[in-house]
Amino acid sequence: MAEANWYVVHTYSGYENKVKANIEKTIENRHLEEEILEVRVPMQDVVEVKNGAKKNVQKKMFPGYVLINMVMNDDTWYVVRNTRGVTGFVGPGSKPVPLTEVEMRPLGIKTENISVDFGEGDVIAVIAGVWKDTVGAVQRMDYGKQTATINVELFGRETPVEISFAEIKKM
């Protein structure tokens with residue numbers, strides 16, 4: 001199987017989240033989970049001052065662009081290119097160019113894989129982050145994003161939470 005790379009897709013400004021949702025729906029409908037691994041709208045935390053009050057907000061790093069981790073072939077190119085709101089891939093002519101590791105590093109995208117000793121159904125403990133000291137059973141593993149989804153009790157009900165592999169250890 002060919003290797004997945006990160007590509008940049010140009011969208012109409014303001015349609016980034018809509019394009020992301022449409023591509024994710026298409027992935028699900030056409031069963032392309034093995035070929036299109038992840039769709040991202042890079043965000044950054046910014047401090048805004050309004051009426052003298054500071055407020056932390058998330059802003060898009062690249063308005064008008066969406067990042068996609070995918071295996072480039074005719075099917076995936078066609079699906080992404082013909083998604084409503086997409087104007088095209090970034091690259092010369094009609095040939096998409098994958099991002100290099102140097103270009104991805106400032107975006108917080110990790111390329112090295114973390115090997116884990118747990119899987120779906122295993123009980124794990126969260127050792128870092130917001131959910132530190134939480135224990136839960138792994139419901140789903142996403143090796144593309146390098147995250148595990150566990151259920152935690154929040155406000156008296158079970159809520160799925162996505163946690164990075166780096167913040168988890170097996171019990």
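- Taken to the nearest 0.5 Å, the CD1 atom of Ile27 stands 9.5 Å off from the CD atom of Glu38.
- Counting heavy atoms from C-beta outward, Met43 and Lys60 have side chains that approach closer than 4.5 Å.
- Two residues are said to be in side-chain contact when any heavy atoms from C-beta on lie closer than 4.5 Å; Leu67 and Leu99 meet this criterion.
- In this structure the side chain of Glu48 reaches within 4.5 angstrom of the side chain of Lys59, judged on heavy atoms.
- Across every non-hydrogen atom of Thr134 and Val152, the tightest pair is CG2-CG1, 3.4 Å.
- Between Gly91 and Val97 the shortest heavy-atom distance is CA-CG2, 4.0 Å.
- Looking at every heavy atom in both residues, Phe118 comes nearest to Met141 through O-CE, 3.6 Å.
- A 4.5 Å side-chain heavy-atom check between Lys170 and Asp122 finds at least one atom pair inside the cut-off.
- Ring-centre distance between His10 and Phe89: not below the 6.0 Å cut-off.
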Item checked: Trace of the side-chain contact (heavy atoms from CB on, under 4.5 Å) decision for Thr87 with Thr11 -> CA-CA 5 Å; Thr87 59; Thr11 68; 5.9 Å; no

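- Residues Gly121 and Ala137 share a closest heavy-atom pair of O-CB, 4.4 Å.
- The only member of Val9, Val66, Ile23 that meets side-chain contact (heavy atoms from CB on, under 4.5 Å) when paired with Thr83 is Ile23.
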Next item on the list: Please step through side-chain contact (heavy atoms from CB on, under 4.5 Å) for the pair Val126 and Ile150, ending with a clear verdict.
Entry: CA-CA 10 Å; Val126 182; Ile150 65 168; 4.0 Å; yes

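- For the pair Thr147 and Ile163, the minimum side-chain heavy-atom distance is 4.5 Å or more.
- The environment of Tyr15 atom OH is sparse: at most 12 non-hydrogen atoms of other residues, nucleotides or ligands sit within 6.0 angstrom.
- When all heavy atoms of Arg40 and Trp6 are compared, the closest pair comes out as NE-CH2, 4.1 Å.
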Item checked: Intermediate values then yes/no, side-chain contact (heavy atoms from CB on, under 4.5 Å), Gln58 and Asp45 -> CA-CA 5 Å; Gln58 287 218 314; Asp45 290 321; 3.1 Å; yes

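- Comment: Glu16 does not engage Lys20 in a salt bridge, judged by the lack of any side-chain N to carboxylate O separation of less than 4.0 angstrom.
- Contact between Pro160 and Asn151 at its shortest, heavy atoms only, is CA-OD1, 3.4 Å.
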Checklist line | Criterion side-chain hydrogen bond (donor to acceptor under 3.5 Å, both in side chains) on Thr26 and Asn29, from CA distance to verdict | finding: CA-CA 5 Å; Thr26 305; Asn29 291 342; 5.7 Å; no

